[in-house]
There are 2 protein chains.
Amino acid sequence: MDKKEKIIDTALKLFVENGFHGTATSKIAQEAVVANGTLFNYFKTKDELVVAIYISVKEDMADFLIKNIKDSDNFKDVMKSQFLASLFWALNNQMKFKFIQQFHTSPYVDKIEQEVTQSQVLPHLKLIQTGIDKGLIKKLPVDFIYSIISSQTFGVYQYIISKQFTKVQQHETVEQTFELLWDMIK
Amino acid sequence: MDKKEKIIDTALKLFVENGFHGTATSKIAQEAVVANGTLFNYFKTKDELVVAIYISVKEDMADFLIKNIKDSDNFKDVMKSQFLASLFWALNNQMKFKFIQQFHTSPYVDKIEQEVTQSQVLPHLKLIQTGIDKGLIKKLPVDFIYSIISSQTFGVYQYIISKQFTKVQQHETVEQTFELLWDMIK
DNA sequence: ATTTTGATTGACTAATCAGTCGCAAATATA
DNA sequence: TATATTTGCGACTGATTAGTCAATCAAAAT
């Protein structure tokens, strides 16, 4: 197996479990069954590793969302498919989702260039803009609506995790939340 | 000035700036103009300090919210006053708010007893229950609605921070968001 | 068969860390 | 004033840390 990938996977797990600074590089190397020096061959510093994981995880999610855009001419359906896909991904990649949250609320966020982040939300902003142009959702700033939807996603995620829902219950809750959300912005 | 308070204030600032493990206890003591050992007189361990700050900050916020409950028989007004107060506090105590976020998405959350957290959200849950009983808001699980509102609060906060709004613009945005929220749950 | 190349290793280090401890100063009690 | 208690100090330590580097290895290229 690719050592770089192994290091990323192991580090992701340990970071989520013990925090960024709470995880020693030696521990990562040890658990990844790799020499200490190998880690630093692939990542010049520990910080570089953290940022690399963030980018990798974000790409992973972005790829999934792109693949799941419902190609319908019904705007609400398209919005819904994206909302469902986001939550589906989060619930099926809890460690990665937690990592993103941890990263976003940590001082590391400042170490990442705006462009990287911006390019990933752009498709979503465009989708929202389309809805506004068609008069299907309220005339509000696109990034305001995006902000609301994102945090709502996070909120439902937390709620679902806190309960021990079955897949069916999870799906019901997500559907229900989208309807609420839609009522709000339509 | 009270040394314990000075330590908490300094630690809060440094933790938000550099993360929990990224901040050395020696650095905290130094910046608080206090001896290294003094810090450990007040807090047995670094972890204890982190948790103490969390509790202190949470109390601070809870106190503010209690003081700002509008004593009206108009349910919507009461809800609104709480929503506005939450955001007002967050915007005027950004460091403390950031600390809470950082804490919530860190492995430290597990170190805090459920009871402490529960007692602080209870008044809000009760308020929501009242609204449901009176048939003023939708019949959904109270903690689900609480989840929705909380994440909405966080979302608007993030949005307002990302823009550089004047006080007036901030207020307008918050008011507007509450109306959206109300439309969603009513 | 020999050389070259690049990946991999793990012992090593200088720095930093959380936490200790014996003592001094300040404050309270008598 | 004398004594007791609390509060504060900072040099110290043993453990741990991120990061280095010269040596080794496997495999490909010559």
Side-chain angles (χ1 to χ4, degrees), chain A residues 1-57 95 99 102-103 105-113, chain B residues 1-57 95 99 102-103 105-113:
Chain A
M1 189 204 180
D2 187 38
K3 303 218 174 199
K4 191 175 177 182
E5 241 177 274
K6 192 78 202 282
I7 291 168
I8 288 187
D9 285 358
T10 310
L12 171 71
K13 189 190 131 220
L14 291 175
F15 284 151
V16 170
E17 277 169 7
N18 312 311
F20 297 131
H21 294 269
T23 308
T25 50
S26 55
K27 195 77 167 273
I28 298 168
Q30 189 192 328
E31 200 138 323
V33 200
V34 146
N36 216 302
T38 306
L39 190 150
F40 287 96
N41 278 344
Y42 288 109
F43 309 97
K44 274 206 289 284
T45 62
K46 190 185 179 183
D47 283 8
E48 201 175 295
L49 171 61
V50 173
V51 173
I53 295 176
Y54 175 74
I55 291 172
S56 142
V57 168
M95 230 152 58
F99 182 90
Q102 210 167 310
F103 189 91
T105 58
S106 84
Y108 278 102
V109 215
D110 306 327
K111 295 197 176 174
I112 208 154
E113 295 129 48
Chain B
M1 187 201 181
D2 186 39
K3 306 225 172 201
K4 191 176 177 181
E5 240 177 274
K6 191 78 203 283
I7 292 168
I8 288 187
D9 284 357
T10 309
L12 170 70
K13 189 191 130 218
L14 291 175
F15 284 152
V16 170
E17 277 170 6
N18 312 311
F20 298 130
H21 294 267
T23 308
T25 50
S26 54
K27 195 76 168 272
I28 298 168
Q30 190 191 326
E31 201 139 323
V33 200
V34 144
N36 215 303
T38 306
L39 190 150
F40 287 97
N41 278 347
Y42 289 107
F43 309 96
K44 275 206 288 285
T45 62
K46 190 185 179 182
D47 283 8
E48 200 175 295
L49 171 61
V50 173
V51 173
I53 295 176
Y54 176 75
I55 291 171
S56 145
V57 168
M95 230 151 59
F99 182 89
Q102 210 166 310
F103 188 91
T105 58
S106 83
Y108 278 101
V109 215
D110 307 328
K111 295 197 174 170
I112 208 152
E113 295 128 47

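All figures in this text were calculated on a predicted structure; none of them were measured in a lab. Residue numbers begin at 1 in each chain, while the letters A, B, ... track the order of the sequences.
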(Q) Checking Lys13(B) against Glu31(B) for the side chain to side chain contact (heavy atoms under 4.5 Å, CB included) test, could you report, in this order, the C-alpha distance in whole Å, the side-chain angles of both residues, the deciding distance, and whether it holds? (A) CA-CA 10 Å; Lys13(B) 189 191 130 218; Glu31(B) 201 139 323; 2.8 Å; yes
Q. Passes side chain to side chain contact (heavy atoms under 4.5 Å, CB included), Thr45(B) versus Glu48(B)? Steps please.
A. CA-CA 5 Å; Thr45(B) 62; Glu48(B) 200 175 295; 3.5 Å; yes
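- The distance from atom NZ of Lys4(A) to atom C1' of dT8(C) is 16 Å, rounded to the nearest whole Å.
- Between Phe20(B) and Phe99(B), the distance from one ring center to the other falls under 6.0 angstrom.
- Atom CG in Asn36(A) sits about 11 Å away from atom C1' in dC12(C), given to the nearest Å.
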(Q) Does Ile28(A) form a side chain to side chain contact (heavy atoms under 4.5 Å, CB included) with Phe15(A)? I'd like the steps, not just the answer. (A) CA-CA 9 Å; Ile28(A) 298 168; Phe15(A) 284 151; 3.9 Å; yes
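- Of the candidates Leu49(B), Val34(B), Ile7(B), Ile8(B), Ile7(B) is the only one forming a side-chain contact (heavy atoms from CB on, under 4.5 Å) with Tyr42(B).
- Remark: C1' of dT16(D) and CG of Asn18(A) are 15 Å apart, rounded to the nearest angstrom.
- By the 30° and 60° cut-offs, the orientation of the rings of Tyr108(A) relative to Phe103(A) is parallel.
- In terms of position on DNA chain D, the residue among His21(A) and Val34(B) whose nearest nucleotide sits closer to the 5' end is Val34(B).
- Nucleotide dT16(C) holds its P atom 12 Å from the CD atom of Gln30(B), rounded to whole Å.
- Rounding to whole angstrom units, NZ of residue Lys27(B) and C1' of dT16(C) are separated by 12 Å.
- For Thr25(B), whose side chain is taken as the heavy atoms from C-beta onward, the closest listed nucleotide among dA18(C), dG10(D), dG10(C) is dA18(C).
- Near-neighbour residues of DNA chain D inside residues 38-53 of chain B, defined by a heavy atom below 4.0 Å, number-ordered: Thr38(B), Asn41(B), Tyr42(B).
- Closest contact between the side chain of Lys3(B) and the listed nucleotides dT17(D), dG8(D), dG10(C) involves dG8(D).
- Comparing Gly37(A) and Gly22(A) along DNA chain D, the residue whose closest nucleotide (by nearest heavy atom) sits nearer the 5' end is Gly22(A).
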